[in-house]
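Quick notes on the structure that follows.
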There are 2 protein chains.
Amino acid sequence: MKQKPTLKLIAKELDVSVSTVSKALRDSKEIGKETKEKVKAFAKLYNYRPNNIALSLKNRKTQTLGVIIPEIVHHFFTTVISGIESYANEHGYNVIVGLSNESFKKEVINLDTLANGSIDGFIMSVAKETLSIGDYHHLHETIDQGIPIVMFDRVLDNMDCDKVIVDDVRTSQQAVQKLIGNGSKNIGIISTKDYVSVGRLRTEGYLKALEKNQKDVNLSYILKIHDEFSSEDNLEALEDQISDFLSKNKDLDAIFAVNELYAVTAMKVARKLGLDIPHDMQVIGFTDGVLSKHAYPPLTTVSQNGFEMGRTAARLLINRLEKDREEIERFETVIVDTDIIERETTHKSK
Amino acid sequence: MKQKPTLKLIAKELDVSVSTVSKALRDSKEIGKETKEKVKAFAKLYNYRPNNIALSLKNRKTQTLGVIIPEIVHHFFTTVISGIESYANEHGYNVIVGLSNESFKKEVINLDTLANGSIDGFIMSVAKETLSIGDYHHLHETIDQGIPIVMFDRVLDNMDCDKVIVDDVRTSQQAVQKLIGNGSKNIGIISTKDYVSVGRLRTEGYLKALEKNQKDVNLSYILKIHDEFSSEDNLEALEDQISDFLSKNKDLDAIFAVNELYAVTAMKVARKLGLDIPHDMQVIGFTDGVLSKHAYPPLTTVSQNGFEMGRTAARLLINRLEKDREEIERFETVIVDTDIIERETTHKSK
DNA sequence: TGTCAACACGAAAACGTTTGCGGTTCTTCG
DNA sequence: CGAAGAACCGCAAACGTTTTCGTGTTGACA
């Protein structure tokens, strides 16, 4: 096991000073041609690489992005990470991930332990519990310390940071409009509680679509799922709520669900109730993941373009990081495009 | 924007030396009660936290694990990461992820950039391309440098490192045995090319099961999917190969697939061919993910317990990291248990 | 009053870099 | 031949810690 070579080691071996070695390797013109070559050859031979930690300390930059997400076993979040990683790597940054598991406390801890020099900036999506209790002191504090944050998907309005979102209202409106265009009369929505911004906004889009088409709002057509924490864990609870909902509203002929899990679960329940999809009931989901693609029947869904969101978030963050201290640029909120991917849970548009 | 306080700053403010501050905060008995209290109060007030990077440099430990996986948009890998993160966090470690995208080159780069001081050890699953070309110099080199690696799932036999795997042969044999027990006569397998160890081993288990039951091996019942890279991307290719396979082997009445994507794709194709599942054809997959759970019908599958694998891998790595240099312990290969989760693509066992 | 231990604290080195500045040596020109 | 200027290189500080060792001040005790 050979130890990693350091400048000091090379210096001693070659009988020059540490600074000479450093300068030689960085091709400084202060150093003579011969010495340079000697040093470079030696460095190559021993496969020298500068120690990242030392560099970080010196430069007060770690070239590392902290990504904090509610859960990682989730297609949308992983595509976002993919995007972040892709852009970050292209620009010489690494990515360190923290999982909040939708818990406020874990989110705080994660922010705290990473903010102590380990990372240059954060990219995050806020935990449900945090949204629910509305305590954002940890976010304000890290921003106060000069560590920039970029929020995506689940963002906070009054936060001094860049944001990456989709136009939830407009997109949802389009999705519901599509259902209406396809002839659906009674459209239900399966959403989240209102403190989850995306749930609130998508519901808003749903309402707007109804309004635009002069349709009355039937409050019993609106289901707001109660799930504080990770959703994969309490599937039965989810199924029960949806089952209840569908049984009580037999006249529904279309469902708009604010995520794909709700959508496929709704389909499963509907099937148990003897409904044929899309004949008896059309379904559109939100978030295009594996579930939608491989569901039976394949689910028509709104694609959020997670990869693009990730790349955008990374771009915003890195841009800000590499700005000079005083180019205090205003914070930006970029809206990434969505697409409706038509599969087989809606009627074909002509 | 307040700057992060450092020892130096506190020292100056309180008119004591840096070392005094450091000792006071660590409750050294060298420091007087009064001074201690003064320092601690001040530190608390200004929310002092030691700088991680400085600590890393001093201790030559980063308290960070590098995780390198082929792709992150993949349920199995994310559950493993979840497990790693869970154990790592409990023990004061952070996790930094690198994606190889199944590419040899990216794997090398990732290893290289992280090995320069950023992390204390690696947990990884080898990229398909790496397996296919069989070049492992980068792995040997990092191990040579004293950076321990723990491999999981896709592991290499002759590598000096800890490993975490499932008993692929035995598990697959059990799965196929179940199919046989349920009355299937002609069982096909959808696997990967042999250089992917899990594919090879699971095929071996399949063959063993046939042998144990004195059934002849029909080579045309064995499909080895050709997909060098990320599998989600070329779904059509996958579908074509499977479609071909099923059409040529009309007498198949059961399928064992080495991952869930192959399994659900096979179901989709079978349905197109007019087969009813499980009546005309039983299916068992490997790797219990969202797909299996939400497939139609819900897929009977072998659960690899990714979370457990992750925790185990992290445990092995951290154990080794915290061992004294000279407790040269032999490398360990731990086999985590699997379960067959019966859902609706197989007949109910009585 | 002199001695010694206990106590409280500071100086400095170390981790591995980069970089401004200062110091040699050698060339070259007046 | 003397001096100016290249050309080449080393010193030391800095990033933020921890820790060893040393030092000065007290107090107790003989």
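So you know, we letter chains A, B, ... as the sequences are listed, proteins then strands, and number each from 1.
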Which is true for [X] with a 4.0 Å heavy-atom rule: it touches a base, it touches only sugar-phosphate, or it touches nothing?
X: Ser56(B); value: nothing
X: Thr6(B); value: sugar-phosphate
X: Lys23(A); value: base
X: Leu55(B); value: sugar-phosphate

ask   = Is there side-chain contact between Ser118(B) and Thr62(B), with heavy atoms separated by less than 4.5 Å?
value =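 No - every pair of side-chain heavy atoms lies 4.5 Å or more apart.
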request  = Take Arg60(B) and Gly32(B), find for each the nucleotide of DNA chain C with the closest heavy atom, and name the residue whose nucleotide sits nearer the 5' end.
outcome  =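 Per heavy-atom nearest nucleotide, the more 5' residue is Gly32(B).
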inquiry  = Pick the closest DNA chain C nucleotide for Leu57(B) and for Thr20(B) by heavy atoms, then say which residue is nearer the 5' end.
reply    =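 Between the two, 5'-proximity favours Thr20(B).
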ask   = Given dG10(C), is OP1 or OP2 found less than 4.0 Å from the side-chain N or O atoms of Ser19(B)?
value =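 Indeed not, no polar side-chain atom of Ser19(B) lies that close.
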key: Phosphate OP1/OP2 of dC15(C) contacted by Lys8(A) side-chain N/O (<4.0 Å)   =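 Answer yes for this pair, as a side-chain N or O of Lys8(A) is under 4.0 Å from OP1 or OP2.
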Selection from [options] that lies nearest to any side-chain heavy atom of [X]:
X: Ser17(A); options: dA11(C), dT17(C), dC11(D); result: dC11(D)
X: Arg26(A); options: dT19(C), dG16(D), dG10(C); result: dT19(C)
X: Thr35(B); options: dA8(C), dG16(D), dC9(D); result: dA8(C)

[X] [atom1] to [N] [atom2]: how many Å, rounded?
X: Lys29(A); N: dT19(C); atom1: NZ; atom2: C1'; value: 14 Å
X: Arg49(A); N: dT17(C); atom1: CZ; atom2: C1'; value: 16 Å
X: Leu9(A); N: dT17(C); atom1: CG; atom2: P; value: 10 Å
X: Asn51(A); N: dC15(C); atom1: CG; atom2: C1'; value: 9 Å
X: Asn52(B); N: dC15(D); atom1: CG; atom2: C1'; value: 15 Å
X: Ile31(A); N: dT19(C); atom1: CD1; atom2: P; value: 13 Å
X: Lys4(B); N: dC15(D); atom1: NZ; atom2: P; value: 16 Å
X: Asn59(B); N: dT19(D); atom1: CG; atom2: C1'; value: 11 Å

ask   = Is a donor-acceptor pair below 3.5 Å formed from side chain Glu30(A) to base dC21(C), judging by atom type as modelled?
value =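 Counting by modelled atom types and ignoring angles, a donor-acceptor contact under 3.5 Å is found here.
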inquiry  = To the closest 0.5 Å, what do you measure between CD1 (Ile96(B)) and OG1 (Thr64(B))?
reply    =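 Separation between the atoms: 7.0 Å.
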ask   = In Å and rounded to the nearest 0.5 Å, what is the CD to OG distance from Glu129(A) to Ser100(A)?
value =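 With rounding to 0.5 Å, CD (Glu129(A)) is 9.0 Å from OG (Ser100(A)).
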query = Is there a donor-acceptor contact under 3.5 Å from the side chain of Asp120(A) to the main chain of Gln63(A)?
reply =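 Indeed, once roles are kept as given, a pair shorter than 3.5 Å links the two residues.
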query = When Phe122(A) is tested against each of Leu139(A), Leu114(A), Val150(A) for side-chain contact (heavy atoms from CB on, under 4.5 Å), which residue passes?
reply =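 Of the listed options, the one satisfying the test is Leu114(A).
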